[in-house]
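Taking it in order: structure first as structure tokens, then the write-up.
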There are 2 protein chains.
Amino acid sequence: MTLKDIAEIAGTSLSTVSRSLNNSPLISEETRARIQAIASAHGFQPNASARSLATSRTGTIGLILPENYDRFDGLLYNAALHNDLRRSLERAELDTIVAFKQNRVSRQDNIEKLVTRKKVDGLILVQPDIDRKSVRFLEERTIPYVLIQYPPDEPNPPYDVFYSDSWTGGRIVAQHLLDIGCHRPLCITGGQERQSRQRVDGFRDAYKASGLPEDTVTVLHGDYSAASAAALIHENLENIGNYDALFAVNDLMAFGAMEVLRASGIRIPEDIAVVGFDDTALATALIPSLTSVHQPEEEIAFLACERLLELIDERTEFGRRISEARTTSLQPRLVIRESSGSRRKPAASDGTGAS
Amino acid sequence: MTLKDIAEIAGTSLSTVSRSLNNSPLISEETRARIQAIASAHGFQPNASARSLATSRTGTIGLILPENYDRFDGLLYNAALHNDLRRSLERAELDTIVAFKQNRVSRQDNIEKLVTRKKVDGLILVQPDIDRKSVRFLEERTIPYVLIQYPPDEPNPPYDVFYSDSWTGGRIVAQHLLDIGCHRPLCITGGQERQSRQRVDGFRDAYKASGLPEDTVTVLHGDYSAASAAALIHENLENIGNYDALFAVNDLMAFGAMEVLRASGIRIPEDIAVVGFDDTALATALIPSLTSVHQPEEEIAFLACERLLELIDERTEFGRRISEARTTSLQPRLVIRESSGSRRKPAASDGTGAS
DNA sequence: TGATTTTATGCAAGCGGTTGCGTTATTTTC
DNA sequence: GAAAATAACGCAACCGCTTGCATAAAATCA
């Protein structure tokens, strides 16, 4: 079933059919209605390849995932983000090609492939192992693209980024713990990436600002896995009584730590308050439920898509980006649950309001 | 950069370039090499739309996910499967359009859309809310497609299905528990879907076959969530001493149950052995680590892709499926961990060998 | 050496849409 | 009432690639 078939049925020319289906104002109201009726009666759908060949728009965007996407901790968080993104894109009738950054067998860069073959109108790069090469490539080609979830390393990067402010995330955890009277916190990090570091920095900075001694915050280094956190706690079990709070930079490590703590008879939150990060589904499943930092992933997904659509429109109209690149930092919020909740002091005494 | 450009540079005709790049035997070795060199020097990639318009092959397949994909328990398992599938497809240089079955805003059926617009060469349907309508549609159009992870409801369905045998999964759990001397098992189901029921049936059948009384297996009904399992255990806490084993039909419920058990001072596995299902990353993260049924998702992904490629080839050659539809059931295997491990009896006394 | 096959390349017609421009019929304007 | 503007539609070129068929050159054969 092609335009030609519809044209024959309707007894008009092929171009009239095309215009009718695209709601062109050049066509009279009756013919348009008549043709649209015929088309939908026959279940006509335009051939996507033919259309994009003619219009050089594909109606598809590329969602590029980092190589380590299948690591468990990332899986939980990213899969949710991923779904939110697709949901956002379907509002604009865009299909989504999901790809890893590199094809593992042909070693081809999927970004370059999708772009030069003109399979996509734009790209969403999720937590990319950002390399200057890809960015330069995309900029040279004036391809619409946005980045998600990566605190940029320069103040005003040439691209659009949407990320959840890790530093603030760490800070609001610290404020909450100070609020409930925890003055000897232990912190478990995940790695040396900026994201993990910033969470710890925000945490540490807030403790510094509270006037407590410099060395108040103890930091141990894990690798995002539950096992690593469990091992760390296990090794430091004899000193664990020195701490009254535990902040893990992701929920999974909080979980691993809690396992060992409880196995050792340490009560949560009475003996030690525990806070995680990412507010994954794990947080509510745990007993006691886990206080965690919720990242506004739905909002990030929504805004990133909106922006991408803008960029696509600009490109079809002017051939390139017109508006300036923006770096958008979204604020995470703390979800207080049992793992720190019941220790909470009645009311703030020092005016630092953590919401 | 198009074929025409390359042709001008090489001083040949456009069709010679096309044939050279497609390794047609009609072209002499030298010209082919020369043209390929020029093309790759200029980073030429063929326009995907133009090529598929000419060949009616898109180099893209559609991966259709069920609506409830973002439910937590499914997320864990499916996201892993999903990654495995994409990895398998990239071996064949196929891109993947990922879509939910229905567009939530336009209410359009994405299967029909992707197929009639000719955006994909074939489809992989993951745990579809299988409806006769879609199947009939795909069959009429002779579209290559395979189903994953759905025990078919008829013995010889007209499509290709790959699934993990739930019944056997339940059975091997029971055999293991019998092996380690558990004679009073409690079972927590997830829902009324065939998948959940079959896991329980396999479990129950194996216990029946062991010669124990009919009512040996107690079954409680949850909803796949950790909270539901926790609630069930909580309600039945006073009777829990009657049981020496707990089988949950997914890891998440095993997790929820374990939380309550431990909070109540019940030891795992000494007082009660616990077994989950799906062998998600949760299983190794738990303390004690969770015995669970591992589904061969990598193998399923691999076989499903292989088969889909066959179907696509058949269709391009003959216009329709030639080979008969096969139902492929893959065998899950039990991964024994701490939550049931240390209770294990030294050697089998009755010859039922659980591997 | 002329006729026939083989080999290498070019021509041109699609694939199924979109869209600028031309044509015809109908209104509007003075 | 004739000229100009407007409205509705058709023609045909084009998007970039593939491929059947024609052609020319080289190789093989009688």
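In the text below, chain A, chain B and the rest are named by the order of the sequence lines, each starting its count at 1.
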Candidate nucleotides D/dG16, C/dA8, C/dG17, ranked by approach to the side chain of A/Asn47 - the nearest: C/dG17
State plainly whether the residues B/Glu139 and B/Arg321 are in salt-bridge range, i.e. N to O under 4.0 Å. yes
Under 4.0 Å, heavy atoms only, any strand: does B/Leu26 hit a base, just the sugar-phosphate, or nothing? base
Would you mind telling me which of C/dT18, C/dT9, C/dC15 lies closest to the side-chain atoms of B/Leu53? C/dC15
Can you tell me which residue among A/Lys101, A/Lys119, A/Lys133 is in a salt bridge (Lys or Arg N to Asp or Glu O under 4.0 Å) with A/Glu112? A/Lys133
Interatomic distance where CD belongs to B/Glu30 and P belongs to C/dT7 [whole Å]: 14 Å
Looking across every strand, which nucleic acid part, if any, lies under 4.0 Å from B/Thr12 by heavy atom: base, sugar-phosphate, or nothing? sugar-phosphate
Among D/dA8, C/dT18, D/dT18, which is the nearest nucleotide to the side chain of A/Leu14? C/dT18
When you measure from the side chain of A/Ser13, which nucleotide among D/dA8, C/dT9, D/dG10 comes out closest? D/dG10
Closest to the A/Ala54 side chain: D/dC9, D/dC17, C/dT18? C/dT18
Hey, does the side chain of B/Thr55 come within less than 4.0 Å of D/dC17's phosphate (OP1/OP2), counting only N and O? no
If you look at every strand shown and take non-hydrogen atoms under 4.0 Å, does B/Ser18 touch a base, only sugar-phosphate, or nothing? base
So what does B/Thr31 touch, heavy atoms closer than 4.0 Å: a base, only the sugar-phosphate, or nothing? sugar-phosphate
Distance, rounded to the nearest Å, where B/Arg19 contributes CZ and C/dG10 contributes C1': 9 Å
For A/Ile35 and D/dA8, give me the distance from atom CD1 to atom C1', rounded to whole Å. 11 Å
When you measure from the centre of the six-membered ring of B/Phe162, is the NZ or CZ of B/Arg307 closer than 6.0 Å and no more than 45° off the axis? no
So B/Ser56, base contact, sugar-phosphate only, or nothing? Heavy-atom distance under 4.0 Å. nothing
Electrostatic pair A/Arg91-A/Glu306, nearest N-O below 4.0 angstrom: yes
Distance check: side-chain N/O of A/Asn22 vs OP1/OP2 of C/dT18, anything under 4.0 Å? yes
Under 4.0 angstrom, heavy atoms only, what part of the nucleic acid is A/Ser15 near: base, sugar-phosphate, or nothing? base
